[in-house]
2 protein chains.
Amino acid sequence: MEIMNTISKENYLKTIYQIKKPKSKKVSTAHLAKRLEVSNAATSDMAKKLFDLGLVKYQPYRGVELTAKGEKLALNVIRRHRLWELFLIKTLNLSWSEVHTEAERLEHQASDFLIDRIDEYLDYPDFDPHGDPIPNKNGELPVQPDSVKLTAAEVGKFYFIHRVKNDDIKLLDYLTELGLKLNMQLQVLSRLEFDNSVRVKINNKEHSFSEKIAEKLSLVSADGEKR
Amino acid sequence: MEIMNTISKENYLKTIYQIKKPKSKKVSTAHLAKRLEVSNAATSDMAKKLFDLGLVKYQPYRGVELTAKGEKLALNVIRRHRLWELFLIKTLNLSWSEVHTEAERLEHQASDFLIDRIDEYLDYPDFDPHGDPIPNKNGELPVQPDSVKLTAAEVGKFYFIHRVKNDDIKLLDYLTELGLKLNMQLQVLSRLEFDNSVRVKINNKEHSFSEKIAEKLSLVSADGEKR
DNA sequence: TATTTAACTTAAGCTTGCTTAAGTTTTCAA
DNA sequence: TTGAAAACTTAAGCAAGCTTAAGTTAAATA
């Protein structure tokens, strides 16, 4: 069994990794199909192939789950993606949303050698501009502190901005426009019961975020030890 | 007829452009097949497809020739390739031979937007490190002076190094090691009849090049007007 | 617990780009 | 000018990755 990686297989593995929950790591083929914008049939098909390659566990009607081998490959794709993003942002001064779709294609192309040079150029970053962790060349993720979403943060408390979830909206670009960056400190001022929007203070400036945005922001406690 | 470009089609177009002679622009399918490392049958097949797309002229047994439309696409691929090369060399400090194979894959990936940003970053270069011309975004090549190969250069005369032909050998890296760069001036000292090797003086240092190397070096006359 | 419906898989078939093998056309040398 | 060799094309078939349609299993509800 050769580990022959095609672009398509890499995308399946990456997407399985992205979809899976921390506990039950099983992913339904239908869910996968939706994310990859292909038919369910295509996903079932591929599930079998990845199974034969030893990259996922798979039983018909029971979903797929990455094996250690599959997860390592998935993390490698994610590594490439995030390093490409950072690299293009840094050299060409592009915004995250401009760079995301490019990285989607480039992540399958560069050799390991090139990726390592890019990693070196960026001085081996642990996190991308969203605060998402970048696996190192051995597929290991940097240690991550406990975090809470802004929707669940305690009113009155201080936090650091830790992560901006990268769905398809241009949230990071918007926050950047507001002058916000990762690791900035913030105080939760109030939460409106009516619509769950949250008021926060950052750099002595007040901002209000809708629930939709607050849900995408992960925070790390700033007062003393987190527990 | 959609202009749906696949990686494979782009490679065929690019290769036809690279192989063709300035006068008779016809390229035999067998020659193409050899360069692309596929069977002759595959090339004949593709010739028909490219013909249907209006990208080449093709009559069975008569070879292919790029149409204006095909040439424009080919030049665009070449543009991407050379810009990627330059970009990686400049940002990551890689050598030409390290970067060439990467560019071979990347040339099919980036969006026009990204390529234009790279072009901008590089300040719209006209030539790559080999002295090969880089088409601009409209597919136009920079004006090129008349040149002679070092094998045909006149003994005693002065020239500028204009171009280093980029075949598969690591010639450019070797010349760089010797301290030679494009546009340096050189004097042809002598040519050995026995093996057609050439002695030249560059920066007051003498070098001897075999016929094989001399053939890859294009020069532009340095004394007054060329004729 | 039975049955309907939703979720998922299998089957058949398409396209792209390749292969090998068989068939044509050119070309070139006698 | 002809006929063998070289050059090229066509035919048949394969693999990957998709599609739609038909079939199966699991889950949900009565």
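Quick note on labels: first sequence line is chain A, next is B, and so on, each numbered from 1. Just so it is clear, the values below take in all heavy atoms, side chains as well, and ignore hydrogens, waters and symmetry mates.
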Write down the atom of [X], the atom of [Y], and the distance for their closest heavy-atom approach.
X      : Y      : value
A:Y58  : A:G63  : CD1-O, 3.4 Å
A:P133 : A:Q144 : CG-NE2, 3.3 Å
B:A103 : B:W84  : CB-CB, 4.2 Å
B:D128 : B:L182 : O-CD1, 3.7 Å

Please report, rounded to the nearest Å, how far the [atom2] atom of [N] is from the [atom1] atom of [X].
X      : N      : atom1 : atom2 : result
A:K48  : D:dA16 : NZ    : C1'   : 14 Å
A:L53  : D:dA16 : CG    : C1'   : 12 Å
B:H31  : D:dA6  : NE2   : C1'   : 16 Å
A:H108 : D:dG17 : NE2   : P     : 12 Å
A:K26  : C:dA7  : NZ    : C1'   : 15 Å

Would you say the rings of A:Y174 and A:F209 are close, in the sense that their centroids are separated by under 6.0 Å?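 No, the ring centres sit 6.0 Å or more apart.
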
With a 4.0 Å cut-off on heavy atoms, is B:S44 in touch with a base, just the backbone sugar-phosphate, or nothing at all?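 Here B:S44 touches the bases of the nucleic acid.
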
Could you tell me the separation between the CG atom of B:L88 and the CG atom of B:L106, rounded to the nearest 0.5 Å? 6.5 Å

Quick one, give me the B/S/- string for nucleotides 15-27 of chain C, reading 5' to 3', where B means a protein heavy atom under 4.0 Å from the base and S means that only happens at the primed atoms, P, OP1 or OP2. --BBBB--BBSS-

If only side-chain N and O atoms of B:S28 are considered, is one of them under 4.0 Å from the OP1 or OP2 phosphate oxygen of D:dA7? no

Per side chain to side chain donor-acceptor pair (under 3.5 Å), A:E85 is matched among A:K90, A:H130, A:H100 by A:H100

What stem regions, each of at least 3 consecutive Watson-Crick or G-U pairs below 3.5 Å, can be found for DNA chain C? C:1-30 with D:1-30

Set out, in order, the CA-CA distance, both residues' side-chain angles and the distance that settles side chain to side chain contact (heavy atoms under 4.5 Å, CB included) for B:L66 and B:Y17, then state yes or no. CA-CA 7 Å; B:L66 292 172; B:Y17 185 90; 3.8 Å; yes

